[in-house]
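Taking it in order: structure first as structure tokens, then the write-up.
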Number of protein chains: 2
Amino acid sequence: MPPRTYHHPDPNEIAMPRVLFALSEPLRLNMVRTLAEQGETDSIDLGPDLPRSTLTHHTSLLRESGVVFVRAEGRKCMIKLRDEDLEARFPGLLSTVLNGYENAEDDHGEADA
Amino acid sequence: MPPRTYHHPDPNEIAMPRVLFALSEPLRLNMVRTLAEQGETDSIDLGPDLPRSTLTHHTSLLRESGVVFVRAEGRKCMIKLRDEDLEARFPGLLSTVLNGYENAEDDHGEADA
DNA sequence: CCTATCGTTCGACCTTTCTCGCACGATCAT
DNA sequence: ATGATCGTGCGAGAAAGGTCGAACGATAGG
């Protein structure tokens, strides 16, 4: 029995609305931020406090939208950003989203000076 | 009776996940593309074939997420992108999304050469 | 072999979103 | 005033998404 395999969309099948939707969920956006910082990451480190089935749900959605690549490794599974594919398809998108998210996270009520 | 008024989030209240969600719907993404091309636009030109209540639903969602500014003008209402606010909050986001959407719209099956 | 661990699938439940018809107030032209 | 047009709010129905527990197969280690 071959280890678990995963379907990934071809680079030219990655669709903008799907990617934006995948990134529109705070949980998933934080997962992507972690992946951008740490590179390939054990899936469980992306949501240590989440039920396993919930974690699978979100990683699958990220995978099917073309945002991440998933690879089985023994019992666990390793996740990494498809940053090159995304950069080729939607230049600048990923870094723009992550930069904007980072910078805007802290100011919600305190606008001044 | 004052003409219709609309609530718009302050620039620093514009949240990345909400914006991404607003742009993740093909209908709304096309509306935004039209607004980027044409500037301020009569709302009905953003979806001539849609039921009015459906159109209101999408323009309200775009407004409440901070993507567009809505202004009553007589019977109609005029919509324009909040491109300056968005640029200040999430630099490069809007143009990156629209550029990527434009470029990737035509190739889905024909990857070659 | 036995057991613990991990990811996946399924099913259930709830929430959110989408679509649309309809009635209403406001606006404009005649 | 009359009638047409526009946007909005409401409500219902359908569809999609999120959360999670339970059962299962696969893997790793003793």
- Note on the structure: note: A:Met78, atom CE; C:dG7, atom P; distance rounded to Å ~ 11 Å

- Message: Run the side-chain contact (heavy atoms from CB on, under 4.5 Å) test on A:Asp42 and A:Glu73 for me, step by step, so that the C-alpha distance in whole Å, both residues' side-chain angles and the decisive distance to 0.1 Å come before the verdict.
- Response: CA-CA 9 Å; A:Asp42 188 339; A:Glu73 169 117 350; over 6 Å; no

- Task: Drop me the distance from B:Lys76's NZ to B:Arg71's CZ, to the nearest 0.5 angstrom.
- Result: 10.5 Å

- Task: Look at the rings of A:Phe21 and B:Phe21 and say which category their plane angle falls in: under 30° parallel, 30 to 60° tilted, over 60° perpendicular.
- Result: tilted

- Note on the structure: Taking every heavy atom of B:Leu46 against every heavy atom of B:Thr41, the minimum-distance pair comes out as CD2-CG2, 4.1 Å

- Query: Of the residues in residues 35-62 of chain B, which ones touch DNA chain C at a heavy-atom distance under 4.0 Å?
  - Reply: B:Pro51, B:Ser53, B:Thr54, B:His57, B:His58, B:Leu61

- Message: Same cluster or not: A:Val67 versus A:Tyr6, using hydrophobic residues (I, L, V, M, F, W, Y) connected whenever any side-chain heavy atoms lie under 4.5 Å apart?
- Response: yes

- Please report the shortest heavy-atom distance between A:Pro9 and A:Glu64, naming the atom on each side. CG-O, 3.7 Å

Atom pairs under 3.5 Å: protein N/O with N/O of nucleotides 1-3 of chain C:
none

- In whole angstroms, the gap separating C1' of D:dT8 from NE2 of B:His7 amounts to 18 Å

- Message: Please report the end-to-end axis angle for the helix from C:dC1-D:dG30 to C:dT30-D:dA1, five pairs per end, rounded to 10 degrees.
- Response: 30°

- Could you give the CZ-to-P distance, from B:Arg4 to C:dT27, as a whole number of Å? 8 Å

- Message: Please report the interatomic distance CG(A:Asp45) to CD1(A:Ile79), rounded to the nearest 0.5 Å.
- Response: 10.5 Å

- Message: Taking 4.0 Å as the cut-off, does a side-chain nitrogen or oxygen of B:Tyr6 come that near to OP1 or OP2 on D:dT8?
- Response: yes

- Task: Using the side-chain contact (heavy atoms from CB on, under 4.5 Å) rule, take A:Leu94 and A:Val32 through it: C-alpha gap first, then chi angles, then the decisive distance, then the call.
- Result: CA-CA 9 Å; A:Leu94 200 55; A:Val32 169; 4.1 Å; yes

- For A:Ala72 and A:Arg4, the nearest pair of non-hydrogen atoms, with its separation, is CB-O, 3.7 Å

- CA sep, side-chain torsions, deciding dist, call: B:Thr59, B:Val68, side-chain contact (heavy atoms from CB on, under 4.5 Å): CA-CA 8 Å; B:Thr59 57; B:Val68 303; 5.8 Å; no

- Query: For B:Leu29 and B:Val97, what are the C-alpha separation, side-chain angles and deciding distance, and is it a side-chain contact (heavy atoms from CB on, under 4.5 Å)?
  - Reply: CA-CA 9 Å; B:Leu29 191 46; B:Val97 168; 4.0 Å; yes

- Message: Show every salt bridge (charged side-chain N to carboxylate O under 4.0 Å, His left out) that has at least one partner inside residues 14-37 of chain A, sequence neighbours left out.
- Response: A:Glu25-A:Arg28, A:Arg33-A:Glu37, A:Arg33-A:Glu102

- Specify the residues of residues 22-33 of chain B, ordered by number, for which at least one heavy atom lies under 4.0 angstrom from an atom of DNA chain C. B:Glu25, B:Arg28

- Item | Taking every non-hydrogen atom, the tightest pair across B:Val70 and B:Cys77 | CG1-SG, 4.1 Å

- Message: So if I take residues 65-77 of chain A and measure heavy-atom distances to DNA chain C, which residues fall below 4.0 Å?
- Response: A:Arg75, A:Lys76, A:Cys77

- Message: Ignoring hydrogens, what is the shortest heavy-atom contact between B:Leu93 and B:Met16? Give both atom names and the distance.
- Response: CD2-SD, 4.0 Å

- Distance, nearest 0.5 Å, that separates CG of B:Leu20 from OH of A:Tyr101: 10.0 Å

